[in-house]
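Order of the sequence lines sets the chain letters (A, B, ...), proteins ahead of strands, with each chain counted from 1. Everything numeric here is computed off the predicted structure, so don't read it as measured data.
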2 protein chains.
Amino acid sequence: MSTTLSQKISDSSDISMNVLTRPRERIVKSAIELFRQHGIKGVGVDAIAEAAGSNKMTLYRHFGCKDDLVCECLKQVSDEKERIWDNLENSYPGDPARQLRAWVDEAAQHIYSDLRGCDLANAAVELKEAGHPAQKVIMDAKKAHVRHLVELCRSAGIEHYEQLAQALVLLVEGARVCGQSIGVEGPQQQLKQTCEAMIDAFSGHGSNSDRAAVSN
Amino acid sequence: MSTTLSQKISDSSDISMNVLTRPRERIVKSAIELFRQHGIKGVGVDAIAEAAGSNKMTLYRHFGCKDDLVCECLKQVSDEKERIWDNLENSYPGDPARQLRAWVDEAAQHIYSDLRGCDLANAAVELKEAGHPAQKVIMDAKKAHVRHLVELCRSAGIEHYEQLAQALVLLVEGARVCGQSIGVEGPQQQLKQTCEAMIDAFSGHGSNSDRAAVSN
DNA sequence: TTGCAACGTTACTGACCGGTAACACACATT
DNA sequence: AATGTGTGTTACCGGTCAGTAACGTTGCAA
């Protein structure tokens, strides 16, 4: 706990970040990246400002306090996640079943290549203080995510669409947290196969032997 | 971020903790509880010592640094979790299938009544510094947990026991993290039904209609 | 009784952190 | 040319934190 983290962060900071963008934008971008790497409580505002090629005063002119910056970061992260639903619709228009498979595939690929977990879930772990403003942002984003997936399962003609959506959320969230705590060899390696088997089971067009084959 | 957390922690600390136990034991116990409530980085060693009815000097005589104390806490938490396997064997001796159902039931009950997530997984989120000693403790405990569940599924006669065990781990871990980020209304409410449906599917003694009934 | 080990108390250090004040500069608009 | 807005710089404040030093106290055991 006595390590000088500021130095390490500064070393890996991107001072040469596109100066054409406005400081506010650069600060948020740097903050998101640093929060991902070191955790929210593991990064100071000085390090964020420096990584953004700016300074603390400018940071505080745009964000009243660190918590406000954290909320803005989480909002942008959740907005980014929201875009996947439009992307799915654009990729496979009018084919919700295919969109559901694509959602699983994308989630799995992301988890296989990045062990740092979900920014929103991680923030919820760190920010436990009662009434912390970020908690509402996190909760709203997660609820919206579940809602979207439920709707997709419903559109795909799944009878028990709500149960399937909830199960898929649990699997994906579990995979992300396992990646962080267990590492590459964790059970999240089987996420894609497990989700697909789950979808098959709920779609009602798989026999026992089919499921055994899928789970193999 | 300018809140005076120490005061709040002190207010809720248990100064009257059993003085018959040794300071070291009380310190670890208080630390585990405070870490659970406020996160590891959200609690200072002073608050821990005070909550244990001891002081910082005694704390540092038993633990070289805060990280050592954190490791000891996580070890005790993982030892505690290890005991469930013996408990299951004692509760339903020679009946691994029943033990597996009981494991699901216990995990679900725990998750329904406590939204604070898994101490080990939460610690992994907070302690991202490369080579942090707690990471090995967390990883070893989580791997052992998966190993035990795989073995239980194998004993229960599940054909694809490894896939089932991994899927169950993902569901349970996902449920714990959802409780933290979404709150009581999250998809973890359906954990038990989902796990049981998953076991049924892998057990190969459930028809499509059975599965539909279970998932309802 | 002596001695030792564990524990408690106070005070301190050095670093870091969130946040602010005051001033200087660059640039675009009028 | 004047003005205002956004930005950079330096310095500072109060607080917290991990960790240590020095000394005093308790209680047990030989």
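- For A/His62 and D/dG6, the shortest distance from a side-chain N or O to OP1 or OP2 is not below 4.0 Å.
- In the interface, the side chain of A/Lys66 is not paired with the base of C/dG19 through any donor and acceptor atom under 3.5 Å apart.
- One can place CE of B/Met57 at 18 Å from P of D/dT26, the figure rounded to the nearest angstrom.
- Spacing between atom CZ of A/Arg22 and atom P of C/dC27 amounts to 13 Å, rounded to whole angstrom units.
- Residues A/Glu106 and A/Asn87 have side chains that never bring a donor and an acceptor to within less than 3.5 angstrom of each other.
- Between the side chain of A/Arg24 and the base of D/dG6, no donor-acceptor pair of N or O atoms lies under 3.5 Å.
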| task | Starting from the C-alpha separation in whole Å, work towards a yes-or-no answer on salt bridge (Lys or Arg N to Asp or Glu O under 4.0 Å) for B/Lys143 and A/Glu185. | result | CA-CA 9 Å; B/Lys143 282 184 177 173; A/Glu185 299 170 20; 3.6 Å; yes
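- B/Arg176 and A/Glu173 are not joined by a salt bridge, as no carboxylate oxygen comes within less than 4.0 angstrom of a charged side-chain nitrogen.
- Of the candidates C/dG18, C/dG8, C/dA21, C/dG8 carries the atom nearest the B/Arg26 side chain, counting heavy atoms from C-beta on.
- Per the geometry, CG belonging to A/Leu59 stands 12 Å off P belonging to C/dT20, to the nearest Å.
- No side-chain donor from either of B/Gln109 and B/Lys192 sits under 3.5 Å from a side-chain acceptor of the other.
- Taking atom NZ of residue A/Lys56 and atom C1' of nucleotide D/dG8, one finds them 14 Å apart after rounding to whole Å.
- Between A/Ser54 and D/dT7 there is no side-chain N or O to OP1 or OP2 distance below 4.0 Å.
- For the pair B/Phe63 CZ and D/dT20 P, the computed distance is 15 Å after rounding to whole Å.
- In this entry the distance linking CD of A/Glu25 with C1' of D/dT7 reads 16 Å, nearest Å.
- Here D/dA18 presents its C1' atom at 13 Å from CG of B/Asp68, a figure rounded to the nearest Å.
- The aromatic rings of A/Trp85 and A/His148 sit parallel to each other, their planes meeting at less than 30°, with 60° as the upper class boundary.
- Nearest to the side-chain atoms of A/Pro23 among the listed nucleotides D/dT7, C/dA22, C/dG8 stands D/dT7.
- Atom CD1 of A/Ile40 is separated from atom P of C/dC17 by 15 Å (rounded to the nearest Å).
- In this model, the phosphate group of D/dG8 is approached by a side-chain N or O of A/Thr58 to a distance below 4.0 Å at OP1 or OP2.
- Nucleotides of DNA chain D nearest to B/Tyr60 and A/Asn55 differ in position, and the one nearer the 5' end is that of A/Asn55.
- Of all nucleotides listed (D/dG8, D/dT20, C/dT20), D/dG8 comes nearest to the side chain of A/Arg61.
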